Number of protein chains: 2
Amino acid sequence: MVTLAEVARHAGVSASTVSYVLSGKRPISAVTRRRVTASIEQLGYQPHAGARALASSRSRIIALMVPLRTDMYVPVMLEIAVAVATTARAHGYDVLLLTGEEGPSALRRVTGSGLAEAVILMDVQLDDGRLPVLRTAGPPAVLVGLPADPAGLNCVDLDFRAAGALCVDHLAGLGHREIAVIGESPGVYARHTGFAERTLGGLRSRAAEREVRMLHRPCEGSHDAVAGVLARILDERPRVSAFVVQNETAVEPLLALLRRTGRAVPEDVSVVAVCADQIAAQASVPLTSVAIPAQELGRRAVERLIARLTGRPDGEGAAGVELLTPVLTVRDSSGPPPPPRTPGA
Amino acid sequence: MVTLAEVARHAGVSASTVSYVLSGKRPISAVTRRRVTASIEQLGYQPHAGARALASSRSRIIALMVPLRTDMYVPVMLEIAVAVATTARAHGYDVLLLTGEEGPSALRRVTGSGLAEAVILMDVQLDDGRLPVLRTAGPPAVLVGLPADPAGLNCVDLDFRAAGALCVDHLAGLGHREIAVIGESPGVYARHTGFAERTLGGLRSRAAEREVRMLHRPCEGSHDAVAGVLARILDERPRVSAFVVQNETAVEPLLALLRRTGRAVPEDVSVVAVCADQIAAQASVPLTSVAIPAQELGRRAVERLIARLTGRPDGEGAAGVELLTPVLTVRDSSGPPPPPRTPGA
DNA sequence: CTGAAAGCGCTAACAG
DNA sequence: CTGTTAGCGCTTTCAG
């Protein structure tokens, strides 16, 4: 292994000079710099990560904790993770992958050992067990998701309330007066995962404001489950003219069932989804949808962390909750409700 | 930060003793050990990762390179990644997340800087650009996937050839004489991703052996694309009585289309998939399938790496290709072909 | 603008 | 069974 000392000797300078050439922390004459960089190049020198971390107490590593559970929509998770890794690299950081399995202790471990300088937590629950560790003199952290009490925490998430409201606005604007919401599986609500409940809140309050009648049903993703929920909805509220779906796995079953029961989309019934753009665009009927900005979430999380790591001890722009504004893309699945059937037609 | 030296002082022993208590690399008397562990506990000591890596030249970190591309079935990727992380932790290793974006240079970087001791590569292409780095005095590595020339490389993968053969055996055993294969999107074949072609090879040769007529069509995952491919197949080979699908996103569209065109599964037509078990089990018709053992792949990859890292310099059991035996699970989508229609019925 | 030198916290001979 | 002592390779004062 080639060391900094060897580079220094090769270039005929001192070790510190090589170090400063690398870090740029003090002025170096053009000729020295050239000599040094040439030697580095020639010898194929690579600074030792451990030595660096030891001497500077900065590992240049961010820990990313992904949920072990896999009942949520996975592609979004991976997309966030990849965005985190990519953005981190762009700032000279590497990413350590932690699974939820180890829980709060994993945070203590990687952080206490100086392995990671900071952490990003995905899939945060409303009363997440990892939060106490973070509030109490914890390491710099950013949560992707919004817990019940975000006080003193750094969070990035989609504004799911606004997303819900956006769906209602779109449908109400088209003239729908009665809608049904097909939600995540019951387990997601039971775990209080926040985002599902926030979306619901947004849907409900905007529906009330715009005098739209609304029904909500959690739903497993299986074909049979969707069939059951759909049947119940149509039974209880025969005049429902639009569905809002927040459950990626329920999308195709729903569309298939609507087709099978002779309901054309969007002529007879409209469908609006809250899901990854890719899913919406590739559905058997391209769906009007509110996207989940996975890449943006990952990117923002890292950027806030970097700001905190490199900025003023408690500088601005790095604290509090940041909610990304949802965007609704109109595709082929939404339109005005069908004219009321003339009785006896 | 509390250091080993402080622990030593607190326990009234030397630093090396503390170190040896931690590593177990030499016998320690019960009483000393108790004193030391008590001090460690009390002071909340955590060894500094960087210092350790520097002194021992072992970082206890494995780099995992996941593809940036996302046109492959993502949940399998995440499942492998999580299995890698979990297994690595069980062996005292952490996992560094690399994206394909940086390419071969990322391998050089993390490995040359001593950041990672070894690497695991996912989604290996037949002529992967990262392979030269690995053959040439590269770091210990395990590939998940099988390149064209695995000589000198360490690979773990599902035996896709056998998987293909297994599908044919199952269908031939039920009496099917003519089958169609709906494959991955054309891009996957164009990239020479290996697994798709190996499956095809297994399907073809076993079909030839068992005198089953077979047709193969690559296929995008969209509903429309599947519709087009299906129409063509039924047109060209009206007597096809079974489908083998190796394309997770095509599964639901296919089932929906079969339903819509009045073909009952499995009475009129059988469907066998090569995909994640979860997908197969949750499909609108639970699918007979050959599973992709994501967890097992991740686990084996790590275990082979650990064996190589801790074992004899070039010990056994750590070299060459390991292909996992595929398992076919019979569910509700496969059965005997329908009786030949009596002409004029 | 550059050098010398003192650690960073831990491991692993080497000595008992 | 335990202690002493060199480093591991780099960063960063302190001096010039």
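In the text below, chain A, chain B and the rest are named by the order of the sequence lines, each starting its count at 1. As the structure is a computational prediction, the values presented were derived from the model and not from experiment.
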Quiz item: For C:dT2, does OP1 or OP2 lie under 4.0 Å from any side-chain N or O of A:S29?
Solution: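 For C:dT2, OP1/OP2 do have a side-chain N/O of A:S29 under 4.0 Å.
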
Can a salt bridge be assigned to the pair B:R60 and B:D94 using a cut-off of 4.0 Å between side-chain N and carboxylate O?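 No salt bridge links B:R60 with B:D94.
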
Requested in this report: Output yes when B:E303 and B:R299 qualify as a salt bridge under the 4.0 Å nitrogen-oxygen rule, no when they do not.
Outcome: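 Salt bridge: yes.
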
*Step-by-step side chain to side chain contact (heavy atoms under 4.5 Å, CB included) determination, A:V110 to A:L98*: CA-CA 9 Å; A:V110 301; A:L98 301 180; 4.0 Å; yes

Original post:
Quick one: side chain to side chain contact (heavy atoms under 4.5 Å, CB included) partners of A:R35, sequence neighbours excluded?
Top reply: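 If we apply the side chain to side chain contact (heavy atoms under 4.5 Å, CB included) test to A:R35, skipping adjacent residues, the hits are A:V13.
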
For A:T17 and for B:T17, find the nucleotide of DNA chain D with the closest heavy atom, then tell me which residue's nucleotide is more 5'.
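Whichever sits nearer the 5' end wins; that is B:T17.
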
**Message:** Does B:Q295 have more than 12 heavy atoms from other residues, nucleotides or ligands lying within 6.0 Å of its CD?
**Reply:**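 No, because the 6.0 Å sphere around CD of B:Q295 holds 12 heavy atoms or fewer from other groups.
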
Expected string for nucleotides 9-16 of chain C under the B/S/- scheme (protein heavy atoms, under 4.0 Å, primed atoms plus P, OP1, OP2 as sugar-phosphate) is BBSBBB--

- request: Determine which pairs satisfy side chain to side chain donor-acceptor pair (under 3.5 Å) with at least one residue from residues 12-22 of chain B, sequence neighbours left out, and list them in order.
  value: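 Sorted result for residues 12-22 of chain B: B:S14-B:S16, B:S14-B:T17.
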
From [atom1] of [X] over to [atom2] of [N], roughly how many Å is that when rounded to an integer?
X     : N     : atom1 : atom2 : value
B:R33 : D:dC1 : CZ    : C1'   : 11 Å
A:E6  : D:dC8 : CD    : P     : 11 Å
A:L43 : D:dG9 : CG    : P     : 14 Å

